[in-house]
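Heads up, the thing below is written out as structure tokens.
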Protein chains: 2
Amino acid sequence: MIRVVIAEDQQMVLGALAALLELEGFEVVGQAADGDAALRLVKGTVPDILLTDIEMPGLTGLELAQQVAVSAPSTKVVIVTTFARSGYLKRALDAGTAGYLLKDAPASTLADALRRVHAGRRVVDPELAAAAWGEVDPLTDRERQVLRLAGDGLKSAEIGRQLHLTEGTVRNYLSEAINKLGASNRIEAARLARSRGWL
Amino acid sequence: MIRVVIAEDQQMVLGALAALLELEGFEVVGQAADGDAALRLVKGTVPDILLTDIEMPGLTGLELAQQVAVSAPSTKVVIVTTFARSGYLKRALDAGTAGYLLKDAPASTLADALRRVHAGRRVVDPELAAAAWGEVDPLTDRERQVLRLAGDGLKSAEIGRQLHLTEGTVRNYLSEAINKLGASNRIEAARLARSRGWL
DNA sequence: CGGGTTGGATGACTTTTGTCATCGGTGGTG
DNA sequence: CACCACCGATGACAAAAGTCATCCAACCCG
């Protein structure tokens, strides 16, 4: 029987996923609602597979994957997330995850995917793989940082203060980002980048 | 046996919820991934309970609830959604729903809540009820409309064009909204309003 | 009827944004 | 080495955004 730990911050979804996997014949050996708890659980139970969301309090799914690769290398990590976070695919694969699925995919594919991963294969949602081929994040690290803060409503001067930059420099980075993304202002640029998982 | 139809746009969550409810002894007579399909299903099967998300393609959960109240008045509607959409509570209750739950609540409460609703009671997540008491949306309809568009990155002139308002008027509404929300610019104001479900 | 509220608009003014050209420093890489 | 990409900064200018006071018309409502 394949032993699984699940990490997902929405408790109801967490419970529902557990129910689904049990119906499908998996052994759910642990459920966690945040990244830290998940890491502790994985260290304690060393499951075959860790199924995790990306957005979570504490450690994110990505950070969790990196930690697990060190602490419990035999545990394979599979990420399930919403399409909105699909831009994390590359970073997820870099972090050594074995699978990347969408919550939009039918529930039946989840069990399939987990069995395949357990058999040693890598699984990436086909829609996602297609979307990932094509546009690549054109932003530099600085542009990303600045854009993220701008998207939160901070004004250039405040962003500069947080990042130890001049206001003018901040405006320059924003201007470049807006230009690269084909947006017409910082708000649109931030939304675009966010929707592609680049922020 | 309590007969339930589930509507939820993330297929995997949809399937998982179905698995959970079946384990809990409910009869899941239908699953829909958008509002229109859900309405058809409810009309066809007339379940005891419709469990639905708010954000969906086609009809939203709220519109769905109103339609169901007309087409299948014996079906009770229960909304499950994320905390981020908690501001819909009042509107949901106005629409005659029998329950409003959070995906953040433990999975075990879902079955409980559905049984209670089936017994004729109303169920509202306690965290939500507490949060709803207290802050009330201070925005006027116009301010809401304008703020929503501003949050999408449109500039004042474009917003005015869409709403048949002068640019100056748009700026006035935004200024008021920013002031009411204690924000320091339109971006922050939009984020604040959105996070409270007021947009 | 008179008064209060609300939606919409102007005008004037200040502050923030966005754009550009330009400069200097650092760290690869063919 | 020369070239190029990125980082950081300045200065200047045009375009938005935000603030305030004020005004008008349409509704309520007592």
Side-chain angles (χ1 to χ4, degrees), chain A residues 87-88 90-91 94 132 134-199, chain B residues 87 90-91 94 135-196 198-199:
Chain A
Y88 287 106
K90 187 178 177 319
R91 268 177 274 173
D94 288 346
E135 320 200 56
V136 192
D137 185 351
L139 302 175
T140 68
D141 287 348
R142 273 307 197 202
E143 286 161 1
R144 226 189 316 285
Q145 290 174 31
V146 170
L147 197 52
R148 190 178 309 129
L149 294 176
D152 286 346
L154 301 199
K155 47 191 62 167
S156 308
E158 286 167 342
I159 298 175
R161 222 167 293 134
Q162 284 206 21
L163 264 37
H164 307 292
L165 293 177
T166 303
E167 180 185 344
T169 304
V170 171
R171 295 224 300 276
N172 285 338
Y173 283 134
L174 281 174
S175 187
E176 281 175 50
I178 289 166
N179 183 32
K180 282 183 180 174
L181 297 175
S184 72
N185 57 48
R186 52 176 72 188
I187 314 177
E188 206 184 329
R191 278 175 47 85
L192 266 173
R194 197 160 262 149
S195 75
R196 294 180 193 171
W198 294 340
L199 102 175
Chain B
K90 188 180 177 316
R91 270 177 273 174
D94 287 347
E135 320 199 57
V136 192
D137 184 352
L139 302 174
T140 67
D141 288 348
R142 274 307 197 199
E143 287 161 2
R144 226 190 316 284
Q145 290 173 33
V146 169
L147 198 52
R148 191 178 309 129
L149 294 176
D152 286 346
L154 301 198
K155 46 191 62 166
S156 308
E158 286 167 341
I159 297 174
R161 222 168 293 133
Q162 284 206 23
L163 264 39
H164 307 292
L165 293 177
T166 304
E167 181 186 343
T169 304
V170 170
R171 295 225 298 276
N172 285 339
Y173 282 134
L174 281 174
S175 186
E176 282 176 49
I178 290 167
N179 183 30
K180 282 183 181 175
L181 297 175
S184 72
N185 59 48
R186 52 177 70 191
I187 314 176
E188 203 184 330
R191 279 176 47 87
L192 266 172
R194 196 161 262 147
S195 76
R196 295 179 192 172
W198 295 339
L199 101 176

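Atom set for the values below is all heavy atoms of this structure, side chains included, hydrogens, waters and symmetry mates excluded. Labels below follow one simple rule: chain letters A, B, ... track the order of the sequence lines, proteins then strands, and each chain is numbered from 1.
- When the options A:Leu174, A:Asp152, A:Ile159 are evaluated for a side chain to side chain contact (heavy atoms under 4.5 Å, CB included) with A:Leu147, the one that passes is A:Leu174.
- For B:Glu176, there are no side-chain hydrogen bond (donor to acceptor under 3.5 Å, both in side chains) partners two or more places apart in sequence or in a different chain.
- In this model, a donor atom of one side chain and an acceptor atom of the other lie less than 3.5 Å apart for A:Arg142 and A:Gln145.
- In 5' to 3' order, the nucleotides of DNA chain C bounding all contacts with chain B (an atom under 4.0 Å from a heavy atom) are C:dG7 to C:dA12.
- Of the possible polar contacts, one joining the B:Asn185 side chain to the B:Ile187 backbone as a donor-acceptor pair under 3.5 Å is found.
- B:Gly151 approaches B:Ala190 most closely through the heavy-atom pair CA-CB, 3.8 Å.
- Residues from residues 182-192 of chain A with heavy atoms under 4.0 angstrom of DNA chain C, sorted by number: A:Asn185, A:Arg186.
- Among the atoms of the strands shown, base atoms are found under 4.0 Å from some heavy atom of A:Thr169.
- In terms of position on DNA chain C, the residue among B:Arg171 and B:Thr166 whose nearest nucleotide sits closer to the 5' end is B:Thr166.
- Of the possible donor and acceptor atoms, none in the side chain of B:Thr166 sits under 3.5 Å from a partner among the backbone N and O of B:Thr169.
- Contacts classified as salt bridge (Lys or Arg N to Asp or Glu O under 4.0 Å) and involving residues 155-170 of chain B (residues at least two apart or in different chains) are given here: B:Glu167-B:Arg171.
- Between the side chain of A:Glu143 and the main chain of A:Leu139, no donor-acceptor pair closer than 3.5 Å is present.
- Shown here for B:Leu192 and B:Ala183, the closest heavy-atom pair between the two residues is CD1-CB, 4.2 Å.
- Taken residue by residue, residues 141-161 of chain A places heavy atoms nearer than 4.0 Å to DNA chain C at A:Lys155, A:Ser156.
- Of the residues near DNA chain C, B:Gly168 and A:Leu174, the one whose nearest nucleotide (by heavy atom distance) lies more toward the 5' end is B:Gly168.
- Note that CG of A:Leu163 is 9.5 Å distant from OH of A:Tyr173, once rounded to the nearest 0.5 Å.
- For the residue pair B:Ala193 and B:Leu181, the shortest heavy atom distance occurs at CB-CD1, 4.1 Å.
- Bracketed by its first and final contacts, the part of DNA chain D lying under 4.0 Å from non-hydrogen atoms of chain A reaches from D:dC7 to D:dA12 in 5' to 3' order.
- Between B:Val170 and B:Gln162, the closest side-chain pair of non-hydrogen atoms is not below 4.5 Å.
- Taking OG of B:Ser156 as the reference point, atom CG of B:Asn172 lies at 10.0 Å (rounded to 0.5 Å).
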